[in-house]
There are 2 protein chains.
Amino acid sequence: MKTQKISEAVVRRLPIYLRYLNELAMNNVTTVSSQDLGQKLDLNPAQIRKDLAYFGEFGKKGIGYDISYLIEKIRQILKLDRHIQVALVGAGNLGRALCNYNTYLRNDMKIVAVFDALPDKAGEVINNLVVRQMGQMKSVITELGIRIGIITVPATEAQNVANEFVACGIEAILNFAPVIIKVPAEVRVHYADFTTELQSLAYYLD
Amino acid sequence: MKTQKISEAVVRRLPIYLRYLNELAMNNVTTVSSQDLGQKLDLNPAQIRKDLAYFGEFGKKGIGYDISYLIEKIRQILKLDRHIQVALVGAGNLGRALCNYNTYLRNDMKIVAVFDALPDKAGEVINNLVVRQMGQMKSVITELGIRIGIITVPATEAQNVANEFVACGIEAILNFAPVIIKVPAEVRVHYADFTTELQSLAYYLD
């Protein structure tokens, strides 16, 4: 696996496949065709076959994909078999929403630490997570082996938080603040910015 | 323009270009090269040139792109020159966060109506928006000419809300609930699901 570089577009589709495959598995479905996947996910079946072919020969002609095998493989590819720990900075409305969302994340990936710069917020409990002070970040991240950081602070604070994440050894950042952040090349940043989501939807209006 | 079908990946990158171009314009920068754009946005310059070439010949060799012209064109392409009205259903933490986010959206796209199924929430004010009852949806959407709907309700309620949006003539939906929703083919759905964002980030961990 991973003998060739996989494009970001493919990496972004894999969790979408995974979600639907998990749904099927919960309903005791055992195989699925690329046609079924394509119809459900509004993707071209040929595209799906191409995406999955990056990782090996999962499907069988005329039968389709073995769902439990495919789930296992995608989880391996996405490294979800590792119990990844996530930290979040910014316990406002959005931060709270994400912590409550934790329930939907399976055991593979969890927000395990929440920080906020406001001293008032320290000690607050959100969905079993205690809000901590920024000064505790380094020790908590090291102790819990946290590798991914989420930024849900105002735009003006996002770069500061990113800097602190980097200083604490965070390897990947999901930034919800509506601003571009600068990090060293080895740190991966994804932007989960609602503006861009909404703007790209507008394109599809007639 | 739009003589050829533009891929979703390109449509999703345009708002990202737009955000950075707006930043540059605010700093009185007038031209930018695809190299600069690429470096800032962590994209291949050739990819950027290809993306923008879909829409016509914007750039000049050795000079780069005229920023104000490019902003205007991308806004036209994304149909942001139209003042698009957005409705949101689900005034929980996430819904509140998005309403507060309204401040960052320019005049081109605004959440102008908020609904919640809980009678308790009706009348609550979030960032100048009054939470309305679901029964008012049809009349409000028609009256305000709302075309895009955002879903921030629990997973179990998302399909119901999607059905109501469709019945009210909504043309595009941004779904934050962690569940796949079914809508007629002419309605566009984007999923803004944190799980998939986090899972695709995990791939980039060593």
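Within every chain, numbering begins at 1; the chains are lettered A, B, ... in the order of the sequence lines, protein sequences first and strands thereafter. Note that these values count all heavy atoms, side chains included, but never hydrogens, waters or copies made by symmetry.
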task = Answer yes or no: is there a side-chain heavy-atom contact under 4.5 Å between A:Tyr191 and B:Ile16?
result = no

Flag side-chain contact, heavy atom, 4.5 Å: B:Leu94 against A:Asn93 = no

Minimum heavy-atom distance B:Ala202-A:Lys79, with the two atoms named = O-CD, 3.8 Å

ask   = Closest approach of A:Val179 and B:Arg19, non-hydrogen atoms and distance?
value = N-NH1, 4.5 Å

request  = Side chain from CB out, backbone as N, CA, C, O: work out which of these in A:Arg147 comes under 4.5 Å of a heavy atom of chain B, or both, or neither.
outcome  = both

key: Part of A:Ile173 within contact of chain B (heavy atom distance under 4.5 Å)   = backbone

task = Name the member of A:Arg96, A:Glu23, A:Arg13, A:Lys182 that forms the most heavy-atom pairs with chain B at distances under 4.5 Å.
result = A:Arg96

request  = Name the option with the most non-hydrogen atom pairs under 4.5 Å to chain A; the candidates are B:Ala185, B:Gly92, B:Gly95, B:Ala97.
outcome  = B:Ala97

Proximal component of B:Ile148, with respect to chain A [non-hydrogen, under 4.5 Å] = side chain

task = Kindly compute the distance separating CE (B:Met109) from CG (A:Leu198), expressed to the nearest 0.5 Å.
result = 5.5 Å

